[in-house]
Amino acid sequence: MITVSDLRKVYRQGKREIVALDGVSLSVPQGSIHGIIGHSGAGKSTLVRCLTMLDRPTSGSVNISGTVLSAVKDSEVRAARRKTGMVFQHANLLDSRTSLGNVAHPLELTGAPKETICERSRELLRLVGLEGFENAYPAQLSGGQRQRVGIARALAANPDVLLCDEPTSALDPAATNEVLDLIRDLTDRLGLTVIVITHEMNVVKRICDSVSLLEKGRIVEDGALEDVAARLDSRLARALLPLPPAEVPMGAAGGDVIDLLMTGSSAQEPVLTGVARRFNVDLNVLAGSVETIGATQFGHLRVQLSQGADTSAILDYLASFGATAKAVAPNAPTGREEL
Ligand SMILES: Nc1ncnc2c1ncn2[C@@H]1O[C@H](COP(=O)(O)OP(=O)(O)OP(=O)(O)O)[C@@H](O)[C@H]1O
Ligand SMILES: [Mg+2]
């Protein structure tokens, strides 16, 4: 479990103050993965540093598995930090050591017997799917494999929490998916609590249970993934369920254009057929996407009604099916815009 309350970090550069974190609060239950998405400079790395006390927050508290880390004395922070494993964008492995040697490294610092360390390191490499690569050097591994070694090393001290700062930004799409699936699998098997920092929505979509959008040091939107996706007007929903670019073939000759988000049961219902029959209108689907997020199916559509349609009655009818719908300008941007 990770609980962060009202975290602030202010850097001072001469007379200038830079507010990198401006009252960040979040709570991540054990066994779940929370994504933090934001542009460059939003404060993502500052947040990770403050979560591990590599950088002391200016105010606010950080509680990791019951330890209020922000209240721990500098001299004891190192020991308290063992509960937290870190995964970075680049695996930051020691080039002169084998996979086994890299995983063993943090264990050697604990002074455990050599045999125990070797056995534990082998077990960790097995856990991340790298059995047989014990003696390979970083230069002999692919980017995805190096990141797996980094993850094994992060788990060496048996942490409760894993903090991943852009863990797949340096990987190609196939390796990205493998590493993400590994993080999800380890979270489920070991009951970890995980924060993943990213600027890519596909990372959030693939493995996160919940997400926060960080902007200028503040969380501007957040929630469980399925709840966030259901808010048609939210930036996270638009980024999660982007519509392909839409053309309006009928142009001004057609009627109103509506955007429609259907979830769960309403995504299954033949809602559009119902609208056509009941209101005696034609519906022209301009763009659409159907995706499953968490366990819920989402359908996101842009449709143009035939001219003279009673748009507000149709919007009410759609709402009665649990769909979120709104009229938009015919050339309104589809959801492809950046967060
Ligand atoms: N040590 C520091 N001293 C002064 N300002 C800093 C320091 N570290 C970060 N900042 C500032 O704090 C803000 C947030 O930086 P941070 O590195 O956390 O952003 P980020 O979201 O991780 O960006 P990126 O996606 O580029 O990694 C930026 O304005 C940055 O310039
Ligand atoms: Mg950063």
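Computed from a predicted model, the values in this text were never measured in an experiment. Atoms within a ligand are numbered from 1 in the order they appear, just like the ligands themselves.
Between the Mg ion (ligand 2) and S45 there is an N/O/S contact shorter than 2.8 Å.
By the rule that hydrophobic residues join a cluster once side-chain heavy atoms approach within less than 4.5 Å of another member, L213 and I219 end up as members of separate clusters.
The nearest protein heavy atom to atom 30 (C) of ligand 1 is not closer than 4.0 Å. Per-atom contact check: atom 1 (N) of ligand 1 touches the protein, criterion being a heavy-atom distance below 4.0 Å.
Between E166 and K44 there is a side-chain heavy-atom pair separated by less than 4.5 Å.
Within the 4.0 Å heavy-atom cutoff, G38 does not count among the residues contacting ligand 1.
Protein heavy atom at the shortest distance from atom 26 (O) of ligand 1 is S40 OG, 2.6 Å. Counting protein heavy atoms only, atom 16 (P) of ligand 1 is closest to T46 OG1, 3.6 Å.
Counting heavy atoms closer than 4.0 Å to ligand 1, residue R49 contributes side-chain atoms (C-beta onward) but none from N, CA, C or O. Under 4.0 Å from ligand 1, not a single heavy atom of H199 appears. By the criterion of a heavy-atom distance under 4.0 Å, the side chain of I18, and not its backbone, is placed next to ligand 1.
Ion pairing between a basic and an acidic side chain is recognised when a charged N comes within 4.0 Å of a carboxylate O; E200 and K205 show no such pairing. Note on R184 versus D188: salt bridge recorded, some NZ/NE/NH1/NH2 to OD/OE distance being below 4.0 Å.
Shown here for A230 and T324, the closest heavy-atom pair between the two residues is O-OG1, 3.9 Å.
At under 3.5 Å, not a single nitrogen or oxygen of Q13, backbone or side chain, sits near a nitrogen or oxygen of ligand 1. Annotation: L47 places no N or O atom under 3.5 Å from an N or O atom of ligand 1; distance criterion only.
Taking a cut-off of under 4.0 Å to the non-hydrogen atoms of H39, the atoms of ligand 1 that pass are 21 (O). Interface of K44 with ligand 1, defined as ligand atoms under 4.0 Å from a residue heavy atom, comprises 18 (O), 19 (O), 20 (P), 21 (O), 22 (O), 23 (O), 24 (P), 25 (O).
The closest side-chain donor-acceptor pair between D222 and S210, if any, does not fall under 3.5 angstrom. A donor and an acceptor atom, one from each side chain of S212 and H34, are located under 3.5 Å apart.
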Show, in sequence, the C-alpha distance, side-chain angles and deciding distance for Q297 and T292, and conclude whether the side chain to side chain donor-acceptor pair (under 3.5 Å) test is met. CA-CA 4 Å; Q297 198 179 39; T292 302; 4.7 Å; no

